[in-house]
Amino acid sequence: MHTTDEILRGSAAWVWFPRDSEHEKADLQLVRYPERFGGGVRGSQVDSDADAVAVVERAVERTRSWGESELRFWTNASDTPDLEDALRRRGAEHVDTVAVFARSIDALSVEIPDAVTAEVVRTLDQVREVDAINVPVWQQQPLDDEGLRTELDEVTSTLHAGTQARVLARLDGRAVSTGGCTVVDGFSRLWGAATLENARGRGAYRAVLAERLRVSASFGATTALVKGRTATSAPILARAGFTHYGDERAYLLKV
């Protein structure tokens with residue numbers, strides 16, 4: 001199990017770069033999302049000697065130069081300087097909060113109802129089922145045939161390398177939930193969990209969680225790290241024995 005400081009650093013270092021995104025790192029990490037994921041720019045990982053107002057203004061200028069109109073910034077306790085006050089004064093709206101959880105993978109057990117099963121994604125049909133879940137949950141555009149094949153190539157290559165896996169859960173045989181895990185420095189980053197609305201509260205997320213932990217252990221991970229939304233997955237993670245290490249908040253700024 002990693003130490004508290006290692007967990008907090010591991011959480012701060014966690015950034016997603018979607019395929020076909022653009023990104024740069026100066027005062028903070030900025031990622032321009034492709035249109036499939038709604039576009040806009042995501043900011044995080046502040047590390048600057050400038051004051052908070054100057055950092056925010058530079059991020060706004062870069063967002064505009066990319067031709068985007070929305071900057072979404074995720075806070076972290078390790079940010080230097082802290083941008084929250086400057087973002088609020090600039091007119092940013094607090095739109096989301098996630099709780100940072102971690103736990104040792106050893107001896108971690110998650111109860112799963114009999115009607116729910118989970119499997120590792122390995123085929124094109126499974127990738128198609130994953131996309132059918134992600135599109136309505138994340139409100140993103142569906143993959144075309146080429147995109148599905150590209151996604152399959154990525155899923156299978158990282159699985160064979162032992163660095164990443166995608167999991168699919170079924171309720172009475174129907175694909176209803178999915179999530180991924182990526183192993184970095186002994187951490188298993190648990191990401192992208194999504195469950196169809198009409199299947200929630202019936203154990204599908206727990207099945208996805210349990211299978212990701214099993215796969216992560218086989219990849220050599222020792223600590224599970226996850227950012228759970230306070231209204232959905234966070235209570236499940238707490239009941240599963242995860243420890244809460246703090247919160248990260250998202251601010252949306254129209255530029």
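Computation of the quantities below employed the complete heavy-atom set of this structure, encompassing side-chain atoms and omitting hydrogens, waters and symmetry-equivalent molecules.
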- Task: Consider only side-chain heavy atoms of I, L, V, M, F, W and Y, link residues closer than 4.5 Å, and tell whether Leu8 and Met1 are in one cluster.
- Result: yes
- Message: Any non-hydrogen side-chain atom of Ser78 less than 4.5 Å from a side-chain atom of Val46?
- Response: no
- Item | Under 3.5 Å donor-acceptor, Arg103 side chain and Ala240 backbone | yes
- Task: Taking atom types as modelled, find out whether Arg88 and Tyr251 have a side-chain donor-acceptor pair closer than 3.5 angstrom.
- Result: yes
- Task: Determine the minimum heavy-atom distance between Asn134 and Thr178, stating which atoms define it.
- Result: OD1-CG2, 3.6 Å
- Are the side chain of Asp51 and the backbone of Val53 linked by a donor-acceptor contact shorter than 3.5 Å? yes
- Message: Does this structure show an ion pair linking Asp131 with Arg128, if we count only N-O contacts that are shorter than 4.0 Å?
- Response: no
- Message: For the CG atom of Asp27 and the OG1 atom of Thr80, what is their distance to the nearest 0.5 Å?
- Response: 12.0 Å
- Item | Taking every non-hydrogen atom, the tightest pair across Leu190 and Ala224 | CD1-CB, 4.2 Å
- Query: Do Val208 and Val226 share a hydrophobic cluster, counting only Ile, Leu, Val, Met, Phe, Trp and Tyr and linking them when any side-chain heavy atoms are less than 4.5 Å apart?
  - Reply: no
- Does a side-chain heavy-atom distance below 4.5 Å link Tyr205 with Arg200? no
- Nearest heavy-atom neighbours spanning Ser44 and Val15: OG-CG2, 3.7 Å
- Are Thr182 and Gln164 close enough, and set up right, to give a side-chain hydrogen bond (donor to acceptor under 3.5 Å, both in side chains), and what steps lead you there? CA-CA 4 Å; Thr182 302; Gln164 185 168 293; 2.7 Å; yes
- Query: Should the pair Arg249-Asp96 be classified as a salt bridge under the 4.0 Å nitrogen-to-oxygen rule?
  - Reply: no
- Query: Between atom SG of Cys181 and atom CG of Leu209, what is the distance when rounded to the nearest 0.5 Å?
  - Reply: 10.5 Å
- Could you check Ile133 against Leu168 for side chain to side chain contact (heavy atoms under 4.5 Å, CB included), going step by step and ending with a plain yes or no? CA-CA 10 Å; Ile133 296 167; Leu168 185 65; 3.7 Å; yes
- Message: Between Gln45 and Ala12 (side chain of the first, backbone of the second, donor and acceptor by atom type, cut-off under 3.5 Å), is there such a pair?
- Response: yes
- Message: Looking at every non-hydrogen atom in both residues, tell me the closest pair between Leu196 and Arg174 and how far apart they are.
- Response: CD1-NH1, 3.8 Å
- How many angstroms lie between CG in Leu253 and CZ in Arg90, if you round to the nearest 0.5 Å? 5.5 Å
- Would you name the heavy atoms of Leu171 and Ala199 that are closest together and state the gap between them? CD2-CB, 4.2 Å
- Backbone of Pro136 reached by a side-chain donor or acceptor of Gln139 within 3.5 Å: no
- Item | Test: Arg64 cationic atom under 6.0 Å from Trp66 six-membered ring centre, within 45° of axis | no
- Okay, side chain of Ser65, backbone of Arg62: is any donor-acceptor separation there less than 3.5 Å? yes
- Identify the two heavy atoms, one from Thr63 and one from Glu70, that lie closest to each other, and give their separation to 0.1 Å. CG2-O, 3.8 Å
- Item | Flag side-chain contact, heavy atom, 4.5 Å: Val121 against Thr156 | no
- Does atom CG of Asp82 have more than 12 heavy-atom neighbours from other groups under 6.0 Å away? yes
- Report yes or no: do Trp138 and Val155 belong to one cluster of Ile/Leu/Val/Met/Phe/Trp/Tyr joined by side chain heavy-atom distances under 4.5 Å? yes
- Query: Between Arg19 and Glu151, is there a side-chain N and carboxylate O pair less than 4.0 Å apart?
  - Reply: yes
- Between the main-chain N or O of Thr3 and the side-chain N or O of Glu6, is there a donor-acceptor pair closer than 3.5 Å? yes
- Query: Would you find a donor on one side and an acceptor on the other, under 3.5 Å apart, between the side chain of His2 and the backbone of Thr4?
  - Reply: no
- Query: Any side-chain heavy atom of Leu213 within less than 4.5 Å of one from Ser188?
  - Reply: no
- Main-chain N/O of Trp191 paired with Arg212 side-chain donor or acceptor, under 3.5 Å: yes
- Query: Can you find a heavy atom in the side chain of Val167 that is under 4.5 Å from one in the side chain of Arg214?
  - Reply: no
- Message: Does this structure show an ion pair linking Glu146 with Arg149, if we count only N-O contacts that are shorter than 4.0 Å?
- Response: no
- Result of checking Leu124, Asp125, Asp153 against Leu148 for side chain to side chain contact (heavy atoms under 4.5 Å, CB included): Leu124
- Might you work through the side chain to side chain contact (heavy atoms under 4.5 Å, CB included) test for Leu28 and Asp47, ending with a clear yes or no? CA-CA 6 Å; Leu28 73 166; Asp47 184 10; over 6 Å; no
- Query: Is the charged tip of Arg42 near the ring of Tyr33: under 6.0 Å from the six-membered ring centre and within 45° of its axis?
  - Reply: yes
- Query: Going from OG on Ser21 to CZ on Phe37, what distance comes out if it is rounded to the nearest 0.5 angstrom?
  - Reply: 9.0 Å
- Let me see the working for Trp14 and Val184 under side chain to side chain contact (heavy atoms under 4.5 Å, CB included), right down to the final yes or no. CA-CA 9 Å; Trp14 184 352; Val184 179; over 6 Å; no
- Query: Do the side chain of Glu211 and the main chain of Ala207 share a donor and acceptor less than 3.5 angstrom apart?
  - Reply: no
- Side chains of Leu87 and Val56 in contact at under 4.5 Å (non-hydrogen atoms): yes
- Task: Kindly say whether Glu111 contributes a backbone atom to a donor-acceptor pair with the side chain of Arg206 at under 3.5 angstrom?
- Result: yes
- Validation row: Val176, Arg170 side chains within 4.5 angstrom (heavy atoms): no
- Item | Residues Arg32, Glu24: salt bridge by 4.0 Å N-O rule | no
- Query: Rounded to the nearest 0.5 Å, how far apart are CD1 of Ile112 and OG1 of Thr117?
  - Reply: 9.5 Å
- Task: Apply side chain to side chain contact (heavy atoms under 4.5 Å, CB included) to Leu159 and Val120, showing your working.
- Result: CA-CA 9 Å; Leu159 179 63; Val120 175; 3.8 Å; yes
- Can you measure from CD (Glu22) to CG (Leu30) and round to the nearest 0.5 angstrom? 11.5 Å
- SB check Lys254 Glu93 (cutoff 4.0 Å): no
- Query: Parallel under 30°, tilted from 30 to 60°, perpendicular over 60°: which one fits the rings of Phe101 and Phe242?
  - Reply: perpendicular
- Same cluster (ILVMFWY, side-chain, under 4.5 Å), Leu83 and Leu71: yes
- Task: Answer yes if Leu143 and Val135 sit in the same cluster of Ile, Leu, Val, Met, Phe, Trp and Tyr residues linked by side chain heavy atoms under 4.5 Å apart, and no otherwise.
- Result: no
- Message: Checking Glu248 against Ser11: is there a side-chain donor and acceptor pair closer than 3.5 Å?
- Response: yes
- Are the side chains of Val41 and Arg72 in touch, meaning some heavy atoms are under 4.5 Å apart? no
- Has Asn198 got more than 12 heavy atoms of other residues, nucleotides or ligands less than 6.0 Å from its CG? yes
